[in-house]
Each structure stands twice: as structure tokens, then as C-alpha cells.
Amino acid sequence: MQRKKDKNPKISVIIATYKRGNLLNYVLDALTAQTNDDFEVLMVVKPSGDETEQVIESYSKRLKIKVIIQKQGYFTDALNLGLKNAQGDILVFLDDDAIPFPNLIQSYVLSYSMPEIGGVAGDAIPVTLKENKIYPFKDTPSEILPQKTKNTLARRLNYPLKGLENYFLYISKAGIVNSNPKVASKASSQVVNSLLAQGANMSISSKVSAGFQFPTSCILGLTNEQCLGWYLWKKGYQVLFNPEIKVYHIHHGQSLSRNVKDIKKADLFCTEGRLLFYRLYGDEPELSIMNRLLWLLIDVMLDIKNICLRKQISCIHMIKIKFSAELVGLRWLICKKLGLTYSPLADLEKMLR
């Protein structure tokens, strides 16, 4: 008598896209070549007039595609639309410039074989495109796995939140995303505990994401992955990094959510990354203002050292941006304490003008 097969989980692949009509065919081609072809693709499209919709339509007979039009907002607003409309048991998030390996869907299915798994992230290999061919970076084989971890004073003082001591990627008591060197050495060859690494290649179980929304108080969506990973971890679910689940991440010089000049993009990345502490403060009791202040002091001292020894004038600009980011966060924190409404989004939008 043949054993009855377990019911396969439904898979939803969520791709938020904006001004990527010239790259989407690489992503969608790779999805048509998956070893497991039983999945839906939700394309959250912010119209830009670059024929993105026509590119997607050309794959409608080869993939189960559903198009959702994003009328306003930024990247995390698009992700929230994807969450709202996805029907799958497993929700896979891909960037619109991330080319999945052929076994990506099947590997995600296998990763959720245990019921206590809440989220799984994979690796991202940086590449460039030349004449329709993929060229990996020789000096940077992974965007997530560190090649060399500097044992700086700032890193040593970034103690993990209680319970994240043995996680590959963790949030520190100072509200900084960091990696554990001991676990990182294992992460290249085996599955390890880790907060979600990068939105270019991550997934969650839909049953544990009920009630979650990506924070909309940002533009580029920086640290949204760790907010989601932290949410799953706090609910008691296991969150993993699986190095066998890979994508090629195309480097082409543009931000995911909108075209932003390099200097503006750097300023936004710096600011949004530093707001994670204030985003979680009040909900995460292990976050420490003392640890935050100590980390800030060391961070600024290192910048001053670079200015004096290496004459890196750009560090002066970054110090200004870092202080500006902390002021935004402090306003946010004070308003939380007083029960007042405040969103840093308006301040972030000023940086684009």
C-alpha cells in the first residue's frame, strides 16, 4: 500500500517593483525555471512608465501572476500590500533585482518541515550584468556572510538582546544590527539561528505573520527584515538562515524604492538604520539607553579618528547625518513617552529635496 503524501504548502512569492522593467525579465525567467513550480507570484507594482506592466504580462502564461497596483507610499507600503493579498502558507520575499537559484522555492518548502519555524532567510550573491551575462564579485562572494569581522571596541560593546546570544544576525542592546563571529563561521555551511537577513531573499510562515505590518516610517525600508525577524522571535518561533537558499543580487546603482542620488541614498541608509532602536524602544525591554549612548560615543570617536589620521573629510558629513538621525529618533522617543503623534517619515522626506 502506497503511503499518502502530505499536502504540499501553498507558496506566495512577493515582489515589490518600481522602475525595474529592464531587470524584471531576469527575475521572472528564473522563477519559470524553478524545480518546484507550484507557487503564485504577487507583483506589487508602483507605476513608473517604464513598461514594467508589459514585461509582467509577457510572463502571465508561464507563471501564476497577480498584479497589485501601489498608488502611493514607499517600499514597506508595497510589502504590506503583498502581505494583505498573499494566499500562501509560506510567503517568500524577493527583490525585483534578485535572481533566484532554480531550487529556491523547493528549498524554502523543505525549510518549513518543522511547525515551530516562523521565518527563514537565504544568501545573496552580488553580481553585475554585462551583455546579459552574470558576473559575481570576486572579492565579495556574499552580501550577508562576512568575509572578515573586525573585532572593534564598538562591536564588542554591542551585546545581543537576551536570547539572541547564539544568533548569526542579532539586534544589540544599543539597537544595532550585528553579526556573531562564532556563528557566522558556521553559517556558510549549515543552517543557523538568525534574525532575517535581507529582503532580497527571505520568507515567513503566513500563520505567524497575522497582525504584523512592516513599519511605514521609512523610505528605503532599511532594517525592515530585522523588525520582522524580531517580531517572529518575540512570538516564540524559530528564525533561521539557510546558506543553501541563494539569489544573485544585481548591483546597478539604484535604490529599491525610488531613484535616489548616491549622496542622498547614503544619508537615508545611515538615518533609517539608526532609527531601529527608536522603532523598537518601548516594545523591547532589553534595549538600553546607556548602551546606546556608549555606542554613539565610540562611533563618533572612530569617525574623528578617521578624520585626523586618514583625512577622510567625508566623515565630517557622516557625523552630521548621524547626529541628525539621533535627533529624529529622540523626537520620536519623546513623543512616544508623551503619547503624542510623530512620524519620522516627514523628516526623512526632507532629505530627498
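Numbers here are sequence positions counted from 1. Hydrogens, waters and symmetry mates are skipped; everything else that's a heavy atom, side chains included, is used.
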**OP:** Return yes if some donor-acceptor pair links the side-chain N/O of Lys246 with the main-chain N/O of Pro243 below 3.5 Å, else return no.
**Re:** yes
Subject >> Val13 and its side chain to side chain contact (heavy atoms under 4.5 Å, CB included) partner, picked from Tyr108, Phe93, Phe39 >> reply: Phe39
Original post:
Rounded to the nearest 0.5 Å, what separation is found between the CG atom of Leu23 and the CG atom of Leu129?
Top reply: 6.5 Å
**OP:** Go through Thr52 and Ile56 one step at a time and tell me if the side chain to side chain contact (heavy atoms under 4.5 Å, CB included) criterion holds.
**Re:** CA-CA 6 Å; Thr52 290; Ile56 295 171; 3.8 Å; yes
Original post:
Hey, mind stepping through Leu287 and Arg292 against side chain to side chain contact (heavy atoms under 4.5 Å, CB included) and telling me if it holds?
Top reply: CA-CA 8 Å; Leu287 288 175; Arg292 182 71 175 186; over 6 Å; no
Original post:
Can you check whether Phe168 reaches Leu145 side chain to side chain, under 4.5 Å on heavy atoms?
Top reply: yes
**OP:** May I ask you to decide whether Lys207 forms a salt bridge with Asp89, counting only side-chain N to carboxylate O separations under 4.0 Å?
**Re:** no
Original post:
So, does Gln70 use its side chain to make a donor-acceptor pair with the main chain of Tyr74 at under 3.5 Å?
Top reply: yes
Please table the atom pairs, donor to acceptor, closer than 3.5 Å between any side-chain atom in residues 208-222 and protein atoms at least two apart or in another chain.
from, atom 1, to, atom 2, distance (Å)
Ser209, OG, Ser206, O, 3.0
Ser217, OG, Arg279, NE, 3.4
Ser217, OG, Arg279, NH2, 3.3

Subject >> Ser58 side chain vs Val55 backbone, donor-acceptor pair below 3.5 Å >> reply: yes
**OP:** Scan side-chain atoms only and decide if Gln106 and Gln34 contain a donor-acceptor pair under the 3.5 Å cut-off.
**Re:** no
**OP:** Measure the spacing between CD of Glu272 and CG of Asn224 and express it to the nearest 0.5 Å.
**Re:** 9.5 Å
**OP:** List in chain and number order the residues that pass salt bridge (charged side-chain N to carboxylate O under 4.0 Å, His left out) with Asp347, two or more places apart in sequence or in another chain; answer none if no residue qualifies.
**Re:** Arg331, Lys350
Original post:
Could you give the distance from OG1 (Thr32) to CG (Asp37), rounded to the nearest 0.5 Å?
Top reply: 10.0 Å
Subject >> Minimum heavy-atom distance between Leu280 and Cys227, given as atom pair plus value >> reply: CD2-SG, 4.4 Å
**OP:** Assess whether side chain to side chain contact (heavy atoms under 4.5 Å, CB included) is satisfied between Ile15 and Leu31, documenting all intermediate values.
**Re:** CA-CA 12 Å; Ile15 302 175; Leu31 287 175; 4.0 Å; yes
Subject >> Non-hydrogen atoms of Ala187 and Val192 that approach each other most closely >> reply: CB-CG2, 3.8 Å
**OP:** State, to 0.1 Å, how close Leu79 and Ala16 come at their nearest heavy-atom pair, and which atoms those are.
**Re:** CD2-CB, 4.4 Å
Original post:
In this structure, are over 12 heavy atoms from other groups packed under 6.0 Å from Glu51 atom CD?
Top reply: no
Original post:
Between the side chains of Tyr26 and Asn132, is a donor N or O closer than 3.5 angstrom to an acceptor N or O?
Top reply: yes
Subject >> Residues Lys336, Asp283: salt bridge by 4.0 Å N-O rule >> reply: no
Original post:
Hey, is CZ on Phe137 packed in by over 12 heavy atoms from elsewhere, all under 6.0 Å?
Top reply: yes
**OP:** Indicate yes or no: does Arg20 engage Asp95 in a salt bridge with an N to O separation below 4.0 Å.
**Re:** no
Original post:
Are any of the side-chain nitrogens in Asp38 or Lys10 under 4.0 Å away from the carboxylate oxygens of its partner?
Top reply: no
Subject >> Validation row: Ile14, Val92 side chains within 4.5 angstrom (heavy atoms) >> reply: no
Original post:
Does Tyr342 reach the side chain of Val328, with side-chain heavy atoms less than 4.5 Å apart?
Top reply: yes
Original post:
Considering only heavy atoms from C-beta outward, does the side chain of Ile134 approach that of Ile250 to under 4.5 Å?
Top reply: no
Original post:
Counting only N and O atoms by type, is there a donor-acceptor contact under 3.5 Å from the side chain of Glu40 to the main-chain atoms of Ala86?
Top reply: no
Original post:
Looking only at heavy atoms, which two atoms of Ala174 and Asn158 are closest? And how far apart?
Top reply: CB-OD1, 3.8 Å
Original post:
Are Lys66 and Val41 close enough that some pair of their side-chain heavy atoms sits under 4.5 Å apart?
Top reply: no
Original post:
Which value, rounded to the nearest 0.5 Å, describes the distance between Leu195 atom CG and Asn178 atom CG?
Top reply: 11.5 Å
Original post:
Relative to each other, are the rings of Phe277 and Tyr281 parallel, tilted or perpendicular (30° and 60° limits)?
Top reply: tilted
Subject >> Residues Glu284 and Lys234 bridged, charged N to O under 4.0 Å >> reply: yes
Subject >> Pairwise side-chain contact, Pro344 with Trp332, heavy-atom cut-off 4.5 Å (strictly under) >> reply: yes
**OP:** Calculate, to the nearest 0.5 Å, the distance between atoms CG and CD1 belonging to Asn242 and Ile117 respectively.
**Re:** 10.5 Å
**OP:** Search all heavy atoms of Leu196 against all heavy atoms of Gly119 and return the closest pair with its distance.
**Re:** CD2-C, 4.0 Å
Subject >> Close side-chain approach of Ile68 and Val45, heavy atoms under 4.5 Å >> reply: no
Original post:
With a 3.5 Å cut-off and no angle check, do the side chains of Gln238 and Asn193 form a donor-acceptor pair?
Top reply: yes
Original post:
If only atom types and distance count, is the side chain of Asp299 paired as donor or acceptor with the main-chain N or O of Trp295 below 3.5 Å?
Top reply: no
Original post:
Less than 4.0 Å between a side-chain N and a carboxylate O, is that true for Glu286 and Lys162?
Top reply: no
Original post:
Does the side chain of Cys270 reach to within under 4.5 Å of the side chain of Met318, using non-hydrogen atoms?
Top reply: yes
Original post:
Between the side chains of His251 and Asp97, is a donor N or O closer than 3.5 angstrom to an acceptor N or O?
Top reply: no
**OP:** Flag yes if more than 12 heavy atoms outside Asn22 fall under 6.0 Å of its CG atom; otherwise flag no.
**Re:** yes
Subject >> Short side-chain donor-acceptor distance under 3.5 Å, Tyr112 and Ser203 >> reply: yes
**OP:** Would you please indicate if the ring centroids of Tyr248 and Phe101 are separated by under 6.0 Å?
**Re:** yes
**OP:** Rounded to the nearest 0.5 Å, what's the gap from OG1 on Thr76 to CG on Leu345? Could you check?
**Re:** 8.5 Å
Original post:
Any donor-acceptor pair under 3.5 Å linking the side chain of Asn201 with the backbone of Ile245?
Top reply: yes
Subject >> Donor-acceptor under 3.5 Å (Ser288 side chain, Met290 main chain) >> reply: yes
**OP:** List the atom of Ser179, the atom of Leu169, and the distance in Å for their closest heavy-atom pair.
**Re:** CB-CD2, 3.8 Å
Original post:
Are the side chain of Ser107 and the backbone N or O of Asn103 linked by a donor-acceptor pair below 3.5 Å?
Top reply: yes
Subject >> Ile204/Leu228 under side chain to side chain contact (heavy atoms under 4.5 Å, CB included): CA gap, chis, key distance, verdict >> reply: CA-CA 9 Å; Ile204 60 172; Leu228 176 54; 3.5 Å; yes
Original post:
Does one side chain, of Gln226 or Tyr170, offer a donor that lies under 3.5 Å from an acceptor on the other?
Top reply: no
**OP:** Output yes when a side-chain donor or acceptor of Asn180 lies under 3.5 Å from a complementary backbone atom of Glu165, and no otherwise.
**Re:** yes
Original post:
If you draw a 6.0 Å radius around NZ in Lys235, do more than 12 non-hydrogen atoms from other residues or ligands fall strictly inside?
Top reply: yes
Original post:
For Glu225 and Gln198, what are the C-alpha separation, side-chain angles and deciding distance, and is it a side chain to side chain donor-acceptor pair (under 3.5 Å)?
Top reply: CA-CA 6 Å; Glu225 306 92 339; Gln198 193 181 94; over 6 Å; no
Subject >> Shared hydrophobic cluster, Ile105 / Leu110 (ILVMFWY, side-chain heavy atoms < 4.5 Å) >> reply: no
